[in-house]
Amino acid sequence: MSKEIKNLVISAITGDKVAYGDLYEHYATDMYRFALAICKNTYDAQDAVQETAISVFKSISNLKNPEKFKSYLFSSLSNTCKRLLSKNNNTDEFEDTGYTDSEIEFSIPVREALNKLDDVSKEIILLSVVAGFQSKEIGKIMDLPSATVRTKQKRALSKLREELELWKKT
């Protein structure tokens, strides 16, 4: 965590709304990419990001360690996405709701390969690739041992490579 982000977190914890807005701006794109890959449509992804931003804003004063902000944010986002998925009974496929590849930076082959992963593996890959977490942090967010995260991540990356190789051959 950079010193600038840490200072924003500390200010936000003490009630600085502008600092929280700056934090949101810093993480919003990654939050949206993560939510879109989990929720599979723009509407639920936008709802998840918005609900998470509001929820975290309301509870940020309870955060004891500013270094844990990103984990707290993405853990909350993950839970919100799962709740929306169960509530809305989403399908296993991305809904074409007008987003473009440039909005999420996932090509069609990558989206299709991600859809072939189980939910836990997909979340691990997204937390790693989109949010930049290490296995220890992912383990804390998902309540899994870091060794399990590394194993699932390795298997998921292997499966993604296989799927993308198949896509190239077609």
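Side chains included, hydrogens not; waters and symmetry mates left out as well; all remaining heavy atoms used.
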Would you indicate whether [X], at its atom [atom1], is surrounded by more than 12 heavy atoms from other residues, nucleotides or ligands within a distance under 6.0 Å?
| X | atom1 | answer |
| --- | --- | --- |
| Lys68 | NZ | no |
| Asp143 | CG | no |
| Glu67 | CD | yes |
| Arg155 | CZ | no |

Cluster check Ile10, Leu73: I/L/V/M/F/W/Y, side chain < 4.5 angstrom
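Each belongs to a different hydrophobic cluster.
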
Looking only at side chains, do Ser128 and Gln153 share a donor and an acceptor under 3.5 Å apart?
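Judged by distance alone, the side chains do pair up.
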
Could you please spell out the steps behind the side chain to side chain contact (heavy atoms under 4.5 Å, CB included) verdict for Val130 and Tyr32?
CA-CA 10 Å; Val130 175; Tyr32 178 71; over 6 Å; no

Would you check if Asp30 and Arg33 make a side-chain contact, meaning some heavy-atom pair closer than 4.5 Å?
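Yes, close enough: below the 4.5 Å cut-off.
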
Does the side chain of Asn115 reach to within under 4.5 Å of the side chain of Lys40, using non-hydrogen atoms?
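Yes, their side chains come closer than 4.5 Å.
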
Determine, step by step, whether Ser121 and Ile125 satisfy the side chain to side chain contact (heavy atoms under 4.5 Å, CB included) criterion, reporting the C-alpha distance in whole Å, the side-chain angles of both residues, the deciding distance to 0.1 Å, and the verdict.
CA-CA 6 Å; Ser121 297; Ile125 294 300; 5.5 Å; no

Over-ring placement of Lys70 relative to Phe133, 6.0 Å and 45° cut-offs:
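Here Lys70 passes the 6.0 Å and 45° test against Phe133.
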
How many angstroms lie between CD in Gln50 and OH in Tyr24, if you round to the nearest 0.5 Å?
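Between Gln50 CD and Tyr24 OH, I get 7.5 Å after rounding to 0.5 Å.
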
So which atom in Ile13 and which in Ile60 form the shortest heavy-atom distance, rounded to 0.1 Å?
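Answer, listing the atom of Ile13 first, then Ile60: CG1-O, 3.6 Å.
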
Locate the shortest heavy-atom distance separating Val49 from Ala35; write the atom from each residue and the value.
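Heavy atoms of Val49 and Ala35 come nearest at CG2-CB, 4.0 Å.
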
Expected output: side-chain [X] to main-chain [Y] donor-acceptor under 3.5 Å:
| X | Y | value |
| --- | --- | --- |
| Ser158 | Lys154 | no |
| Thr151 | Ala147 | yes |
| Ser78 | Phe74 | no |
| Ser55 | Glu51 | no |

Can you check side chain to side chain contact (heavy atoms under 4.5 Å, CB included) on Lys152 and Val120, steps first, answer last?
CA-CA 8 Å; Lys152 287 185 174 290; Val120 171; 3.8 Å; yes

Relative to each other, are the rings of Phe69 and Tyr27 parallel, tilted or perpendicular (30° and 60° limits)?
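Tilted: the ring planes of Phe69 and Tyr27 meet at 30° to 60°.
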
Candidate pair Val9 and Leu23, rule side chain to side chain contact (heavy atoms under 4.5 Å, CB included), full reasoning
CA-CA 7 Å; Val9 173; Leu23 282 171; 3.8 Å; yes

